[in-house]
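Per chain, numbering begins at 1; letters A, B, ... match sequence-line order.
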Amino acid sequence: MDFSLSEEQRMLQETVGKFVADRYSLDQRKGYMALAEGHDQGVASELTELGLNLVQIPEDQGGLGGDAFDAMVVGEALGPGLVLEPVMEVMTAVAALAGGRPDILEDSNSHTLGLYERGQRYALTAAGTQVEGGKITGAKTLVPNTAGATHALVSASEGGQLGLYRVAMSDEAVTLFNYPLQDGRPFADLQFDGAAAERIDGVGLAEIEAAVARLTIAECAVAVGAMQAALDMTKEYLSVRKQFGRPLAAFQELQFRLVDMNMEVQDARSMAIWAANQANLTTGEALLRAASMAKAKIGKAATYVAEDSIQLHGGMGMTLEYGIGAFAKYLITFNLLHGDVDYHMGRSMRLSA
Amino acid sequence: MDFSLSEEQRMLQETVGKFVADRYSLDQRKGYMALAEGHDQGVASELTELGLNLVQIPEDQGGLGGDAFDAMVVGEALGPGLVLEPVMEVMTAVAALAGGRPDILEDSNSHTLGLYERGQRYALTAAGTQVEGGKITGAKTLVPNTAGATHALVSASEGGQLGLYRVAMSDEAVTLFNYPLQDGRPFADLQFDGAAAERIDGVGLAEIEAAVARLTIAECAVAVGAMQAALDMTKEYLSVRKQFGRPLAAFQELQFRLVDMNMEVQDARSMAIWAANQANLTTGEALLRAASMAKAKIGKAATYVAEDSIQLHGGMGMTLEYGIGAFAKYLITFNLLHGDVDYHMGRSMRLSA
Amino acid sequence: MDLKFSDEDLAFQKTIEAFCEDHVSKETRQKIALGHRLSKQDIVDYHKVLYEHGYAVPNWKQEWGGRDWTSIQHQIFDDVTAAYDCPRRLAFGVSMVGPVLQAFGSREQQEKYLPRIARLDDWWCQGFSEPGSGSDLASLKTTAVRDGDEYVINGQKTWTTYAQHADMMFILTRTDNECKPQEGISFMLLDMKTPGVTVKPIILLDGYHEVNEVFFDDVRIPAENLVGQENKGWDYAKFLLAHERFGIAQIGYAKNQLNRLRDIAAQERTEDGERLIDNMFFSQKLAEIEMDLTALEVTNLRVLSDVKNQSDLTFAGMLKIRGSDLNQKLTRLIMEAVGPAAAVEQQDLVLHGRNEPPLGPDYAGGAAPSYLNNRKLSIFGGSNEIQRTIIAKAMLTA
Amino acid sequence: MDLKFSDEDLAFQKTIEAFCEDHVSKETRQKIALGHRLSKQDIVDYHKVLYEHGYAVPNWKQEWGGRDWTSIQHQIFDDVTAAYDCPRRLAFGVSMVGPVLQAFGSREQQEKYLPRIARLDDWWCQGFSEPGSGSDLASLKTTAVRDGDEYVINGQKTWTTYAQHADMMFILTRTDNECKPQEGISFMLLDMKTPGVTVKPIILLDGYHEVNEVFFDDVRIPAENLVGQENKGWDYAKFLLAHERFGIAQIGYAKNQLNRLRDIAAQERTEDGERLIDNMFFSQKLAEIEMDLTALEVTNLRVLSDVKNQSDLTFAGMLKIRGSDLNQKLTRLIMEAVGPAAAVEQQDLVLHGRNEPPLGPDYAGGAAPSYLNNRKLSIFGGSNEIQRTIIAKAMLTA
């Protein structure tokens, strides 16, 4: 039993922490969001250079061979930055869904994911996307940051079988509709009208579910990092801001609320650690159940921290200008992606039975 | 729309309030509980003389012809006394289940109710009690205060049909096993080994369910009265007791907890009023649904008030000697009788659908 | 005791329903139903319709166009207009400065301003909060110094709702520093076009421009714009806030949101094809919130129908706390019901209307912005923490 | 990072499991499983068994019989003994006064008392709380006045657990009034048979005699019974409380309760014949509490395996708060699972054992008393409000 970080993990933590501190202050982030592409291509390139996409790729395939704890360390360090780039998606899901193909793994940063469809909520069954004769038709929603992507990995059915397909974004039969999420991250809908689709061998529904579970567990760590940052910011605000002649932090009620928020964050962190450990040790239903337990528990904490950190900031918390809202919006959005609390409560209970 | 009390209701409220103030202080109550029968027969007689058993009996049958609001007024006034006698059971359920028979209505105070069975939780279907040829066999549990009862109204099946039967407690084939509830009220199990059972015409499962729903709504008012008393006692304690050189009531956290408890009590009171209004206006499923919504909501409030009033009393709250525990035990027991919160949540949802 | 509406009230309800159905803009109501934001013109148009039908200032004295409705009728009006997705009536003129002028204003002030408020010829805003004063209103610092026939105002207000649309502001200023904070405050009327007034937008979490900072740099207003007596403004402000408390629980709004939630949950399907409204988690939350709303509605009626309860501060605070909690919970549940489609930001659609079709169902775009915007319910107008402090004081000194 | 038990730890776990299975009284374990109360003899017998197997004082220095276990091994021991329904180890001698004597006691005190504690020849109780001091321990008023070779003690302690069984008490007394409250306190050892000591029972909500008031009327104890220095008792008490914190989250107890809850919910059937464990409301609560317990268990391990976290007061308080909340919630759920049968009071069965069969299932009688008794978890040993105050201070001065 050992909760300390390895030398490699400490380096990852430092590298990512320094990047966030230097490049992703809340003010810098606002600037990036205002750009046409919804993020800063230069900063994105710097992020790419950190090589985080390699963390979860096996060493014999040119990666760092890291485990779920490594992904967790990166995620928690990224959290305070609310980065606009799809780091975790690439690091965990693209790596897991590449089917071991070197051409994808070497260039994983250029791939995005089309796994969800409008009107299907959190289902991964790709009911509305078909492949026939190497051509894909249908549409995907909530596709992460497409600005840097040359290809999308898209789930679709072919002859009644669910598979994963690689589609070039430059294909004329691919239409993009870009939008920001509520938290400002640039995402998109993709429409396919017969674009060329290349099947990724060995990837079916089970592999997709497992990859999304690993991504979910990694995203939980990002949420923990964001919650900790929101807590720190709230603590700072209460210490500085005065009312009725005293710092807000002198009011017992507000102290207790800070304590409760701290416990939520610590609970969430423990749950993220537990889930990463499960991700290292299990596969199949046990993995899905771990992801669901973590997302349900951490999702609740995320809503709590989002709402109470706004409330404890009072009017300032309601403004777009002051930063706490950025964390709150991120945490709310976190809950709307990859299954909400009810979805994961239900799945964890089904898989326990 | 009028929330004020009628002249009759004000009189009921005063009469019952005075009885509780004079005869049911927490100390007096402890004395009654220590008696062999688990309550004081003299005090019980005084209570009988108030004629509360007549409140819900129609005027043309010698009663006061009161409605559910009248029962509510009595219940809320009785609440602070945590009386050991089955006033509400007689007032609402015995009156409703007498099938209009004058011999029962005139003497309703001498009747108790056998509607539940061990191992059947909150079911009213009497699976384990049978009548054949006028003889009853089986057993009932959670039968209210039997000390003053000459007869029990007992649910049983006869030829596959559920009915209600009047059984004399003096019958040799009736065995009694007395015990107190967690809150000290004397209850009993009854066993029937072929006792004479007289069928009450016109009373089947629907009538029994309706009567228990009316009783449940009336008991909700008792719980509101008890919660208000627990809140008042807690407020008093916080005002008087000092710690760290200040009254506990000077601590913001404890103030806010008192406020939250007050809101729970007011919510519960509003819900009891709403349910009484529904009891006046509806029958059948709508009545059952109203009882379930009220019991679910007020049951949650009861647990909240029970637990937090103990907590706010600190160590004193843990002692049998100090009175707050009596309220807490009553509120906890309230939740274990006539369906708990989950039972009523489930039923209210089924009946809404 | 009798919880039924009288025949008269039922007839009144029908009248208001017909008014909403026949006279309130369907386009405006649709915007509200979808959680899209109204333009200034939408709000003005609605007020004009209210005015034409005699519903603009029902709470006023009859002399000035009031209707002498019972509390229950006011509640019915609010419930029905909410149920029909009508806008909420702009409070600043009708519910705030109007009653203050009727109670404390001079005859000249009444004649000059009240008819213009009733017709919304003047759009009013409220100059109370200041940066740094927050919930501690009495610590306000904006000064008004008498100079001949004028007051010269310097300082800053903040969280000023719709100052960008406003023609007039009622403002609390400090006119005496040598006394207890509450005793040196005056209540004044200020033309927003006066030189030296600068309005700076504050954008809220949802991207909406709803509140503002307002700066005063040697702003000169006529001395006759003082309401009542100098240094008595705190009393008038307290009167105003007590008046504002009416409808504080927002029952009608909550009921309407609950209906919307039910509609959405009946349309949405889970991954298994089950209707969301039948899902065990969701149906349970719906049932719970329905119970909460039932209790709150009765509490509200208990207050409305009993003068004693109306002056009981524990009730006023409770209605504010429970009402805001409930409405916040409802907007959160609507967002959860919409699900992943609510994660897509469609600000142009929600704020400005857009010609292209919405992404996902038409109710998706407004869900998260409404949720975010409603976080204000427990902060503005006396935060829930301040409400609890007031209730505690009332309980412990009772 | 590695959350797996080492092979050594797994072997240790097996050893403790075998010990529980083979050597701990089955009758005692059955009492605990049913929520019935133990007699003094049950507790003494268990301690003797622990002593025989070298498990009585594993946390002590090796010189005095300690085992040099890792924190994880201590946790394993607690988890396994809880899982096997063993009694909780009596803390007052082993975890409280024992470590204080080893750190601050004289050699004579150590030699005289430690072996007797290890064998439970002396049953110790804790004389800290006083009526009126509540959570404000430093305000204690019981005085000890030096008179030649003796101290004369006057005053009163309260909430003294098992004082009725105790041979000895460690007691905080005021030996100086002329300084800050914390600086005039001494830590002393007192024979309960000394003339002038009176023990008066306090019966708890569940009818159980567990705590007491203890009165001191000119009680004379030898001056050599002072531990360490006069007026330094506050430091020793703080050391003791920090030591007590070990195992504060009661993870093993919670896990065992969760298993019991699952068992009961698998046996109980709803009115519709559905197993309670399959009921939508109940299964959801079970799932939630399982998540909460998982998180708390990891937090506990994070603290155990990191010295930095161990000295972090935010963690100690959190383990106490979350642990007590969770265990309280579990006993409530067990009571709810038992249902109406839990409403029947069977005090004679629960407190004293009774020969007649229980009313309802055998697990019914103990459910409500355990629930009521466990309300103490958030009150005694520093209430959850005090814990929050400590955490807030630690957070805000960090």
Visitor: Taking salt bridge (charged side-chain N to carboxylate O under 4.0 Å, His left out) as the cut-off, I'd like each qualifying pair that reaches into residues 298-317 of chain C, sequence neighbours left out, listed once.
Guide: none

Visitor: Tell me, please, which residues at least two apart from B:Asp340 pass salt bridge (Lys or Arg N to Asp or Glu O under 4.0 Å).
Guide: none

Visitor: Which atoms of B:Phe69 are under 4.5 Å from chain C, going by heavy atoms: the side chain, the backbone, both sets, or neither?
Guide: side chain

Visitor: Could you tell me which residues in residues 263-287 of chain C have at least one non-hydrogen atom under 4.5 Å from a non-hydrogen atom of chain B, sorted by residue number?
Guide: C:Ser283, C:Gln284, C:Ala287

Visitor: Between C:Asp2 and B:Phe3, is any pair of side-chain heavy atoms under 4.5 Å apart?
Guide: no

Visitor: Side-chain contact test, heavy atoms from C-beta onward, threshold under 4.5 Å: evaluate it for B:Gln266 versus C:Met318 and give yes or no.
Guide: yes

Visitor: Between B:Leu281 and chain C, which part of the residue has a heavy atom less than 4.5 Å away: side chain, backbone, both or neither?
Guide: side chain

Visitor: I need the full list of salt bridge (charged side-chain N to carboxylate O under 4.0 Å, His left out) pairs touching residues 261-278 of chain B, with sequence neighbours left out, sorted by first then second residue.
Guide: B:Glu76-B:Arg269, B:Glu264-C:Arg322, B:Asp267-B:Lys297, B:Asp267-C:Arg322

Visitor: Would you mind checking which part of B:Glu236 comes under 4.5 Å of any heavy atom in chain C, side chain (CB onward), backbone (N, CA, C, O), both or neither?
Guide: neither

Visitor: At a heavy-atom separation under 4.5 Å, does B:Ile298 approach chain C through its side chain, its backbone, both, or neither?
Guide: neither

Visitor: Please look at C:Ile391 and chain B and tell me whether the side chain, the backbone, both or neither of the residue comes under 4.5 angstrom of a heavy atom of that chain.
Guide: both

Visitor: Ignoring hydrogens, what is the shortest heavy-atom contact between C:Ala295 and B:Ser270? Give both atom names and the distance.
Guide: O-CB, 3.3 Å

Visitor: Select one option (side chain, backbone, both, neither) describing which atoms of C:Glu297 are under 4.5 Å from chain B's heavy atoms.
Guide: neither

Visitor: Heavy-atom distances under 4.5 Å only: say whether B:Ser4 touches chain C with side chain, backbone, both or neither.
Guide: backbone

Visitor: Please flag which part of C:Thr299 lies under 4.5 Å from any non-hydrogen atom of chain B: side chain, backbone, both or neither.
Guide: both

Visitor: Checking C:Asp292 against chain B: side chain, backbone, both or neither under 4.5 Å from a heavy atom?
Guide: both

